[in-house]
Amino acid sequence: MELFNTLTGRVEPLTPSDGATFRMYACGPTVYDYGHIGNFRTFIHVDTLRRYLKQIGMPVRHVMNVTDVDDKIIRNASAAGMDIAAYSKRFEGAFFEDMESLGLERPEVVPHATDNIPEMVSLIERLRDQDIAYQAEDGSWYFRIAKFPDYGKLSKKDFDGIEDGARVDVDEYEKDAARDFALWKAVKNDSNGVREHSWETSLGAGRPGWHIECSAMASKYLGDTFDLHAGGEDLMFPHHENEIAQSESATHKQFALHWMHVRFLLVEGRKMSKSEGNFYTLRDLLLKGHRASAIRFLLMSVPYRHQLNFTFDGLAESTSAVERLRTFAARMKGTFPAGINEELAAATAKALAGYDAALSNDLNTAEARAAIFDLVRAGNVAADAGALRAENATEILAVLQRFDGVFAVLQDRDAEITRSALDWAEQSGRINEASAELLATLSFTDADIDALVTERTHAKKSRNFARADAIRKELLEKGILLEDSKDGVRWKRK
RNA sequence: GCACCGAUGGCGAAGUGGCUAACGCGCUGGUCUGCAAAACCAGUAUUCAUGGGUUCAAAUCCCAUUCGGUGCUCCA
């Protein structure tokens, strides 16, 4: 398994440096609002990595922090008249529900910033003892970048010479140098004159800076040096650069050996932003009637190092693609004559090899996807020609299983997920955001559908095709598709 | 402004020196079907933003131009 390493600029092998468990850290969510599809693209690719590593037999210890104290949380919580713990818990709960909807595995360790304040303080103390951390007039502590010559090695920035000239004062007056970043923010009053949430520590009353959280939690749960650190491309600078500076200054050891950065997505060709009106949370999409599986498949179809242009056409495409995979998997579960078709067995083996080669090569999900569709076509051709044998079906199902261990779209949980999204919308007074078609479809229970399907079958038997077609049409208008097959009628929600 | 990344069919997208340029979606025609759907078959880029260069050989390497994105500031 090889993966591009931002630090070295090369594709390099991934192995557990302790010879046993692969230790990885991913910057998790700041829980101040609902997660958007850009957040989830990053988390999905990190999940793809962890799923594939496990699949090739590498035990994984994956740590993802939850940032439950920061400026936005403090601001939003105070606006909502809540304390920060209650406020962040609410969005953290929503975040994990969304992860579940998108088929993301829960990391082995999910530490919270507010549970690790002593660790952060002691890390800052170590820096203070080396004169790398210093306290400004307002009581805040900063990191002295001039003391870390390697600063910029991850983002490939050269700060020599820029530093002196860049001493723009503006509101940076307390700092020794403009680039120095906050380790500990001294407590202050908010705009209403209310004292902000803070912790009393040896550094004075205040709260941790964002960067120190990850440094402290990564070393606490993974050790001073660990195998991989991942995050969105925007975190490379300054966040990850600062983590390296803090941790390596404190420990004098290399921090993360490998760095993975997931590129941003565009929405309809433009950067996703609230002002562009193209900003979508997962819940927004579910309420519009898009399926969780299609969203997942689209987000992971484009390899992590390329920009993904998220479009509604793309979402429709992914819906069809997932449907095709599911239809095929169901077909392979049928009964076939005993024996094996060697030609098809060879195609099956080739698909499996292609899938592994693709993911092993810097997590090329697009190529892995292609290998699977090659298998779908080969299997369908053989089945149509009556050349599919029982052993082939078993083998194919095993390959699909392996594929789904990473892609995780075969099991259909879509209706269930959409229903919970609707429940949530109802409870939070946002049901008006749900699409009319979706509500119409879901107003039909499975029993209602089955009754109509049965009636149609009787109509067909008595060759009353007009009635049969009318029922089919009625169901289609409610978003339900019928398929007549030799084994009876199958229906599915559009 | 400085730095970095990208541009492949109707759309998404793989491919980074040499097999007929993967795969998915869509579209057109056919098979199957009472009709559909699903599935299959055939067709759907002589060509990889534009211009120049290197090479026996370029989508792939080099230079320039145009367009798009990102970082330099909170951001996945």
Side-chain angles (χ1 to χ4, degrees), chain A residues 9 26-30 32-33 35-46 70-72 75 152 155-159 162 166 170 178-179 181 210 230-239 241 261-266 269-274 297-299 301-328 330-331 351 354 358 361 364-385 460 463-466 468-469 472-473 476 481-486 489-492 494:
Chain A
C27 293
T30 298
Y32 66 96
D33 205 345
H36 60 252
I37 53 176
N39 295 123
F40 290 114
R41 156 129 138 130
T42 299
F43 294 120
I44 279 182
H45 279 292
V46 173
D70 91 319
D71 291 343
K72 282 184 291 255
R75 187 193 61 212
S155 51
K156 315 282 181 277
K157 288 179 192 295
D158 181 7
F159 293 102
I162 301 172
V170 206
R179 295 244 170 224
F181 56 89
W210 177 40
E233 63 170 325
D234 58 310
L235 298 188
M236 194 165 89
F237 186 89
H239 185 53
E241 200 71 71
H261 290 102
V262 180
R263 290 207 69 180
F264 267 16
L265 57 70
L266 304 178
R270 308 219 56 87
K271 182 174 178 175
M272 179 169 78
S273 74
K274 287 181 177 158
F297 202 61
L298 177 58
L299 290 178
S301 286
V302 175
Y304 77 97
R305 279 214 284 150
H306 292 275
Q307 243 167 16
L308 159 71
N309 184 12
F310 186 97
T311 64
F312 288 98
D313 285 350
L315 207 43
E317 187 233 290
S318 291
T319 307
S320 302
V322 168
E323 204 52 51
R324 182 155 191 227
L325 292 173
R326 287 177 178 170
T327 304
F328 178 68
R331 188 176 196 187
N361 176 22
N364 191 333
T365 45
E367 227 173 65
R369 204 185 109 136
I372 293 308
F373 278 105
D374 283 339
L375 177 62
V376 170
R377 194 167 359 85
N380 272 325
V381 167
D384 272 19
K460 270 177 60 179
R463 304 196 63 81
N464 180 357
F465 295 123
D469 290 350
R472 187 168 64 196
K473 189 163 173 241
L476 184 63
L481 286 171
L482 297 190
E483 284 174 28
D484 293 336
S485 76
K486 289 180 184 66
V489 185
R490 289 204 312 143
W491 63 260
K492 58 194 179 193
K494 203 159 54 165

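Lettering follows sequence order; numbering is per chain, from 1.
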Earlier contact from the 5' end, RNA chain B, for A/Arg463 and A/Phe297: A/Phe297
Intermediate values then yes/no, side chain to side chain contact (heavy atoms under 4.5 Å, CB included), A/Leu315 and A/Phe310: CA-CA 8 Å; A/Leu315 207 43; A/Phe310 186 97; 4.0 Å; yes
C1' gap between B/C40 and B/A45, integer Å: 24 Å
Dot-bracket summary - RNA chain B, pairs being Watson-Crick or G-U whose distances fall under 3.5 Å, with | when paired to another strand: ((((((((.[[[..)..(....]]]((((((.......))))))....[[[[[..)....]]]]])))))))....
Distance between P atoms of B/G53 and B/C48 (Å, rounded): 16 Å
Test salt bridge (charged side-chain N to carboxylate O under 4.0 Å, His left out) applied to A/Asp384 - qualifying residues, sequence neighbours left out: A/Arg331
Aromatic stack A/Phe465/B/G34: centroid gap under 5.5 Å, interplanar angle under 30°: yes
Touch class at under 4.0 angstrom, heavy-atom based, for A/Asp71 against every strand present: nothing
Exercise: identify the closest heavy-atom pair between A/Ser155 and A/Met236: CA-CE, 3.9 Å
Counterpart residues, salt bridge (charged side-chain N to carboxylate O under 4.0 Å, His left out), relative to A/Lys72 (two or more places apart): none
Integer-rounded Å distance: B/G34 P and A/Leu482 CG: 16 Å
Interatomic distance, A/Leu325 CG vs B/G24 C1' [rounded to whole Å]: 9 Å
Partners passing side chain to side chain contact (heavy atoms under 4.5 Å, CB included) against A/Ala378 (at least two apart in sequence or in another chain): A/Leu344, A/Ala347
C1' spacing across the pair B/G68 / B/U50, given as an integer number of angstrom: 15 Å
Test item: A/Leu481 and A/Glu323 side chains (from C-beta on) under 4.5 Å apart, heavy atoms: no
For atom CD of A/Glu323 and atom C1' of B/G26, their distance in whole Å: 17 Å
Atom P, compared across B/G17 and B/G52: separation rounded to whole Å: 25 Å
Whole-angstrom distance between B/A14 and B/A21, as gauged at atom C1': 10 Å
Atom-to-atom span, CE of A/Met236 to P of B/C5 - whole angstrom: 11 Å
Residues which pass side chain to side chain contact (heavy atoms under 4.5 Å, CB included) with A/Ser318, listed by chain and number, not counting sequence neighbours: A/Ala294, A/Phe297, A/Leu298
5' precedence on RNA chain B between A/Ser485 and A/Arg270 (nearest-nucleotide basis): A/Ser485
Test side-chain contact (heavy atoms from CB on, under 4.5 Å) applied to A/Leu265 and A/Leu299, A/Val302, A/Thr42, the passing residue: A/Leu299
Side chain to side chain contact (heavy atoms under 4.5 Å, CB included) evaluation trace for A/Leu308 with A/His45: CA-CA 12 Å; A/Leu308 159 71; A/His45 279 292; over 6 Å; no
Length of the CZ-C1' vector between A/Arg472 and B/A38, whole Å: 12 Å
Whole-Å distance separating the CZ atom of A/Phe373 from the C1' atom of B/C23: 8 Å
Donor-acceptor under 3.5 Å (A/His261 side chain, A/Tyr304 main chain): no
Contact letters for nucleotides 7-16 of chain B, in which S counts primed atoms plus P, OP1 and OP2 and B counts the base, heavy atoms under 4.0 Å: ------SSS-
Salt bridge (charged side-chain N to carboxylate O under 4.0 Å, His left out) partners of A/Glu233, counting only residues at least two apart: A/Arg263
Listed partners of A/Arg41 passing salt bridge (charged side-chain N to carboxylate O under 4.0 Å, His left out), at least two apart: none
Rounded distance in Å - NZ (A/Lys492) to C1' (B/A39): 11 Å
Sequence-distant partners of A/Phe465, ring-ring contact (aromatic ring centres under 6.0 Å, His included), two or more places apart: none
Find every protein N or O atom lying less than 3.5 Å from an N or O atom of nucleotides 73-76 of chain B, and list the pairs.
from: B/C74; atom 1: O2'; to: A/Lys72; atom 2: NZ; distance (Å): 2.9
from: B/A76; atom 1: O5'; to: A/Asn39; atom 2: ND2; distance (Å): 3.1
from: B/A76; atom 1: O4'; to: A/Asn39; atom 2: ND2; distance (Å): 2.9
from: B/A76; atom 1: O2'; to: A/Thr42; atom 2: OG1; distance (Å): 3.3
from: B/A76; atom 1: O2'; to: A/Gly232; atom 2: N; distance (Å): 2.7
from: B/A76; atom 1: N7; to: A/His36; atom 2: NE2; distance (Å): 3.4
from: B/A76; atom 1: N1; to: A/Leu265; atom 2: N; distance (Å): 3.2
from: B/A76; atom 1: N3; to: A/Gly38; atom 2: O; distance (Å): 2.8
from: B/A76; atom 1: N3; to: A/Thr42; atom 2: OG1; distance (Å): 3.2

Restricting both atoms to N or O, compile the protein contacts to nucleotides 40-44 of chain B shorter than 3.5 Å, with distance only.
from: B/C40; atom 1: OP1; to: A/Arg324; atom 2: NH2; distance (Å): 2.5
from: B/C40; atom 1: OP1; to: A/Asn380; atom 2: ND2; distance (Å): 3.1
from: B/C40; atom 1: OP2; to: A/Arg324; atom 2: NH2; distance (Å): 3.4
from: B/C40; atom 1: O4'; to: A/Asp384; atom 2: OD2; distance (Å): 2.7

Whole-Å distance separating the CG atom of A/Leu266 from the C1' atom of B/C67: 14 Å
Full working for side chain to side chain contact (heavy atoms under 4.5 Å, CB included) between A/Phe373 and A/Arg324: CA-CA 9 Å; A/Phe373 278 105; A/Arg324 182 155 191 227; 4.1 Å; yes
P atoms of B/A38 and B/C72, separation to the nearest Å: 47 Å
Any residue meeting side chain to side chain contact (heavy atoms under 4.5 Å, CB included) with A/Ala351, in chain and number order, not counting sequence neighbours: A/Leu375
B/A57 and B/G18, which share atom name C1', separated by this distance in whole Å: 6 Å
Separation of the C1' atoms in B/C27 and B/G12, to the nearest angstrom: 15 Å
